[in-house]
J.: 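Starting off with a structure, shown below.
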Amino acid sequence: MSKIFVVSDTHFSHKNICKFVKEDGEKLRPWDDVNEMDKDLIRFWNEVVDNNDVVYHLGDVCLSRRGLNVVRELNGIKILIKGNHDNFELGYYTKYFTDVQGCMLIEDAVLTHIPVHFSQLEDWSRAKYNIHGHLHHKFVKDVNGIPDTRYFNASLENINFRPIDIDEVFAKMRNK
């Protein structure tokens, strides 16, 4: 039986992401070499995703066409929710993704790249949650500075650098 996964912010072949650091100075990603990063990310992806599984990539696949070619090596049926760095013409993405969208609704969650404020979701009456990326290691917080449980950040840095089963995401959000 096929599974559904989500992932965001792979930034394939983006060498500068190997230099990014968090506020405390810790590296955002453990790699120093972008080629090693790509190689490991492909391996990590393919260890959890089978060819018949569906993967919703929530944007920022890559910044270069070289990075987009990495997608060819990834298992699964891939659907792209475009991110702020996904700036190529649509035809470049449709070579690797079966569908390309701005956002989607799955069950009671809206899938986006950038987190969406719930006041903007009036037309999405079923949406109780927002599965997103964009924030890398950070989280959407409520007015008290506590992570808002209606949001799940699927950026690689938050999901052990592997796509995560959407059932696990829903379990985490609904049980908070």
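By convention here, the first residue in the shown sequence is residue 1.
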J.: Short question: side chain of N75, backbone of V49 - any donor-acceptor pair under 3.5 Å?
T.: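 Yes: the side chain of N75 pairs with the backbone of V49.
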J.: Using only heavy-atom distances, determine whether the side chains of D60 and H134 contain a donor-acceptor pair under 3.5 Å.
T.: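 There is no such pair between these side chains.
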J.: Show the numbers, then the answer: is there a salt bridge (charged side-chain N to carboxylate O under 4.0 Å, His left out) between R174 and E107?
T.: CA-CA 12 Å; R174 292 175 179 151; E107 294 185 32; 3.2 Å; yes
J.: Per the side chain to side chain contact (heavy atoms under 4.5 Å, CB included) rule, which among H14, H137, H11 passes with F20?
T.: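 Among H14, H137, H11, the one meeting side chain to side chain contact (heavy atoms under 4.5 Å, CB included) with F20 is H14.
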J.: So, taking the atom named CG in L156 and the one named OG in S8, what distance separates them when rounded to the nearest 0.5 Å?
T.: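 Output value for this atom pair is 7.5 Å.
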J.: Should Q101 and L80 count as side-chain neighbours, where that means a heavy-atom distance under 4.5 Å?
T.: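 Of all side-chain heavy-atom pairs linking L80 with Q101, none is under 4.5 Å.
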J.: With rounding to the nearest 0.5 angstrom, report the CZ to CD1 distance, F5 to I159.
T.: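 Taking CZ in F5 and CD1 in I159, the distance rounds to 10.0 Å.
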J.: Does a sphere of radius 6.0 Å around NZ in K39 hold more than 12 heavy atoms from other residues, nucleotides or ligands, not counting ones at 6.0 Å or beyond?
T.: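 12 or below, so no.
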J.: Over 60° means perpendicular and under 30° means parallel, so classify the ring planes of F44 and W31, tilted if in between.
T.: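 The arrangement is tilted - the two ring planes meet at 30° to 60°.
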J.: Treating D24 as the side-chain partner and E26 as the backbone partner, does any N or O pair qualify as donor plus acceptor under 3.5 Å?
T.: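 It does hold such a pair.
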J.: Strictly distance-based, threshold 3.5 Å: is any side-chain N or O of N158 a donor or acceptor partner for the main-chain N or O of H136?
T.: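 Pair found, side chain donor or acceptor close to backbone of H136.
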J.: Would you please classify the geometry between the Y129 ring and the F170 ring as parallel, tilted or perpendicular, with 30° and 60° separating the classes?
T.: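 Answer is perpendicular, since the angle exceeds 60°.
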J.: Looking only at non-hydrogen atoms, find the nearest pair between N153 and K138 and report the distance.
T.: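 For N153 and K138, the tightest heavy-atom pair comes out as ND2-O, 2.7 Å.
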J.: Given R29, which of V34, L41, D40, V21 fulfils the side chain to side chain contact (heavy atoms under 4.5 Å, CB included) condition?
T.: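 Option passing the side chain to side chain contact (heavy atoms under 4.5 Å, CB included) with R29: L41.
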J.: Between the side chains of S2 and D53, does any donor sit under 3.5 Å from an acceptor?
T.: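 The criterion, which ignores hydrogens and geometry beyond distance, is not satisfied for D53 and S2.
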J.: Once rounded to the nearest 0.5 Å, what's the spacing between atom NZ of K82 and atom CG of L58?
T.: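 Between K82 NZ and L58 CG, I get 14.5 Å after rounding to 0.5 Å.
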J.: In terms of side-chain geometry, is the basic nitrogen of D32 or K27 positioned less than 4.0 Å from the acidic oxygen of its partner?
T.: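 Here D32 pairs with K27 in a salt bridge, since their nearest N and O are under 4.0 Å apart.
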J.: Hey, any chance I114 and V116 share a hydrophobic cluster, counting ILVMFWY side chains that come within less than 4.5 Å of each other, even indirectly?
T.: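 No, I114 does not connect to V116 through the hydrophobic network.
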J.: Checking side-chain hydrogen bond (donor to acceptor under 3.5 Å, both in side chains) for the pair S155/D9: CA distance, chi angles, key distance, verdict?
T.: CA-CA 5 Å; S155 295; D9 298 281; 2.9 Å; yes
